[in-house]
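Working notes, beginning with the structure itself.
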Amino acid sequence: MNSSIDFIGDIHGHYDELRLLLKQLGYVESSGAFRYPGGERSVVFLGDYIDRGSQSREVIDLVRAMRDAGSAVALMGNHEFNALCFWQQNGAGGSHVIHCIPGGYLREHSFNKVAIHTRTVESYKGRKKEFEDMLMFLRTLPFFIETPAFRAQHACFDRGAAEALKAQGISCFADGNFDELIARANDQFNEYEDSLFDPINYFLKGPEMNLPDGITFRDGEGVLRKRARIRWWIDPKGKTMRELSFQPGVELPACDVPAEVLGHDFYGEGERPVFFGHYWLTGLPKLIRGNVCCLDFSVAGYRGDGRLAAYRFDGEQTLDESKFVWVEAI
């Protein structure tokens, strides 16, 4: 992999913005894929290619072409995982039946979950074979990438999670029997001894904490939430729920955090740079810390004022805010 890498955050079916961003970064379309002249740079896509926007198929085709041409690495996001689960029957192929999930599939076909996925399906209207091929492609997307210079994943990097997956030779859902692996990834309450829920959930969705009784909030899609995302790069000890939560636009009470959260590992200031998306930030792109870079700036946000963002990485171990590049949502 090149030492000069452009990390790109959540795209969510916003194909036109992706093309504009790649061109702004200096990539040129050649032989069916975007490439950097001379191969001097490459892209790491941080997941969430589908849903919300109207051009998921076009985004997948572009990302896949770059991956196949060697000009990009494409990581899995939680929306790609959710799509695989949505179409996967619970217990398929003789795999574990996950009893806590209702409805016959590994992702419940509730109104909200159907609504989120509808625009992706619509983009493949009349192209069933392409849709099925897309799902096969999603199986090949790695959960994370780790080099001596950086780490990257869709949501949270957790050393224990990485070690657990490496020990079993699992980097993506193509590393073994798919029916078995995705069932294990959904075994949230350890119904079976070989659950993979925790490590895969860390990388794709990140850690969360339960809110106190009576405290809830609604996310940007109006879904009522009783759990909050966590700033996994700070030490939870001595922090209040307000300080530890990472829900942009939501202010939680300054009360004690749940005891089980205090034992979580956190990503220290001395670690190599880490790049991720997932967290629906707003405003102009900026660093969280000198080694912590989130690149989800809500290009698919309901307000219509988000950005598709990239960071131009050249091996520096202290990140530089001037190296963000972005395009406005169209």
Does NZ or CZ of Arg107 lie under 6.0 Å from the centre of the six-membered ring of Phe86, at an angle within 45° of the ring axis?
-> no

Between the side chain of [X] and the main-chain N/O of [Y], is any donor-acceptor distance below 3.5 Å?
| X | Y | result |
| --- | --- | --- |
| Asp48 | His12 | no |
| Asp10 | His278 | yes |
| Glu40 | Ser4 | no |
| Ser195 | Phe197 | yes |
| Arg242 | Leu252 | yes |

Pairs under 3.5 angstrom only: tabulate donor-acceptor contacts from the side chains of residues 25-33 to other protein residues two or more places apart or in another chain.
| from | atom 1 | to | atom 2 | distance (Å) |
| --- | --- | --- | --- | --- |
| Tyr27 | OH | Asp6 | OD2 | 2.7 |
| Tyr27 | OH | Ser42 | N | 3.4 |
| Tyr27 | OH | Ser42 | O | 3.2 |
| Glu29 | OE1 | Arg19 | NH1 | 3.2 |
| Glu29 | OE1 | Arg19 | NH2 | 3.0 |

Distance alone, cut at 3.5 Å: any donor-acceptor contact between the side chains of [X] and [Y]?
| X | Y | answer |
| --- | --- | --- |
| Asn78 | His154 | yes |
| His79 | Asp51 | yes |
| His96 | Asp194 | yes |

Pairwise distance [atom1]([X]) to [atom2]([Y]) - rounded to 0.5 angstrom:
| X | Y | atom1 | atom2 | result |
| --- | --- | --- | --- | --- |
| Arg231 | Ile288 | CZ | CD1 | 7.5 Å |
| Phe297 | Lys286 | CZ | NZ | 8.0 Å |
| Trp326 | Ile8 | CH2 | CD1 | 14.5 Å |
| Ser71 | Asn2 | OG | CG | 10.0 Å |
| Cys100 | Asn186 | SG | CG | 8.0 Å |
| Gln247 | Ile230 | CD | CD1 | 10.0 Å |

In chain order, what residues pass the salt bridge (Lys or Arg N to Asp or Glu O under 4.0 Å) check against Asp314, with sequence neighbours excluded?
-> Arg41, Lys323

Residues forming a salt bridge (Lys or Arg N to Asp or Glu O under 4.0 Å) with Asp256, sequence neighbours excluded | none

Residue pairs meeting ring-ring contact (aromatic ring centres under 6.0 Å, His included), one or both in residues 237-257, sequence neighbours left out, come to Trp233-Phe246, Phe246-Tyr279

Shared hydrophobic cluster, [X] / [Y] (ILVMFWY, side-chain heavy atoms < 4.5 Å):
| X | Y | answer |
| --- | --- | --- |
| Phe137 | Val121 | yes |
| Val299 | Leu295 | no |
| Phe34 | Val63 | yes |
| Trp232 | Leu319 | no |
| Phe157 | Leu281 | yes |

Ile98 and Leu106, any side-chain heavy atoms less than 4.5 Å apart = yes

Leu244 and Ile234, any side-chain heavy atoms less than 4.5 Å apart = yes

Name all residues meeting the side chain to side chain contact (heavy atoms under 4.5 Å, CB included) criterion together with Asn177; count only those two or more places apart in sequence or in a different chain, and write none if there are none.
-> Asp179, Glu180

Applying side chain to side chain contact (heavy atoms under 4.5 Å, CB included), name anything that partners Asn291, two or more places apart in sequence or on another chain.
-> Tyr267, Glu271, Arg289

Taking all heavy atoms of [X] and all of [Y], pick out the closest pair and write down the distance.
| X | Y | value |
| --- | --- | --- |
| Glu80 | Leu138 | CG-CD2, 3.6 Å |
| Arg35 | Ala69 | NH1-CB, 3.6 Å |
| Phe313 | Ala149 | CZ-O, 3.7 Å |
| Gly91 | Val97 | CA-CG2, 3.9 Å |
| Ala161 | Asp158 | N-OD2, 2.8 Å |
| Phe144 | Ala162 | CZ-CB, 3.7 Å |

Hits for side-chain hydrogen bond (donor to acceptor under 3.5 Å, both in side chains) against Tyr36, two or more places apart or cross-chain, chain-then-number order -> none

Listed partners of Asn112 passing side-chain hydrogen bond (donor to acceptor under 3.5 Å, both in side chains), at least two apart | none

Is there any side chain to side chain donor-acceptor pair (under 3.5 Å) pair reaching into residues 54-63, and which pairs are they, with sequence neighbours excluded?
-> Ser56-Thr120

Measure up the Tyr311 and Phe324 rings against each other and bin them: parallel (under 30°), tilted (30 to 60°), perpendicular (over 60°).
-> perpendicular

Dump the intermediate steps for side-chain contact (heavy atoms from CB on, under 4.5 Å) on Gln24 and Val325, then the final yes or no.
-> CA-CA 8 Å; Gln24 190 167 322; Val325 179; 3.4 Å; yes

Side-chain donor-acceptor pairs under 3.5 Å in residues 163-173, sequence neighbours left out?
| from | atom 1 | to | atom 2 | distance (Å) |
| --- | --- | --- | --- | --- |
| Lys166 | NZ | Glu146 | OE1 | 2.7 |
| Gln168 | OE1 | Arg184 | NH2 | 2.7 |
| Ser171 | OG | Asp175 | OD2 | 2.5 |

List, one per line, each side-chain donor-acceptor pair under 3.5 Å for residues 200-211, sequence neighbours excluded.
| from | atom 1 | to | atom 2 | distance (Å) |
| --- | --- | --- | --- | --- |
| Lys205 | NZ | Asn82 | OD1 | 3.4 |
| Glu208 | OE1 | Arg227 | NE | 3.2 |
| Asn210 | OD1 | Arg227 | NH1 | 2.6 |

Identify every side-chain donor-acceptor pair in residues 125-135 under 3.5 Å, counting partners at least two apart or on other chains, and give the distances.
| from | atom 1 | to | atom 2 | distance (Å) |
| --- | --- | --- | --- | --- |
| Arg127 | NH1 | Glu130 | OE2 | 2.8 |
| Asp133 | OD2 | Arg64 | NH1 | 2.8 |

Crowded around Asn190 CG? As in, over 12 foreign heavy atoms under 6.0 Å?
-> yes

Please say whether more than 12 non-hydrogen atoms of neighbouring residues, nucleotides or ligands are located less than 6.0 Å from CD in Glu260.
-> yes

Give the C-alpha distance, both sets of side-chain angles, the deciding distance and a yes or no for side-chain contact (heavy atoms from CB on, under 4.5 Å) between Phe81 and Ile182.
-> CA-CA 9 Å; Phe81 174 70; Ile182 199 162; 4.2 Å; yes

Could you give me the CA-CA distance, side-chain angles and deciding distance for Val73 and Arg67, then say whether side-chain contact (heavy atoms from CB on, under 4.5 Å) is met?
-> CA-CA 6 Å; Val73 170; Arg67 195 280 304 264; over 6 Å; no

Sole residue of Ile11, Val59, Leu22, Ile330 in side-chain contact (heavy atoms from CB on, under 4.5 Å) with Glu17 = Ile330

Does the ring centre of Phe45 sit less than 6.0 Å away from the ring centre of Phe7?
-> no

Assess whether side-chain contact (heavy atoms from CB on, under 4.5 Å) is satisfied between Ile5 and Val43, documenting all intermediate values.
-> CA-CA 6 Å; Ile5 298 169; Val43 168; over 6 Å; no

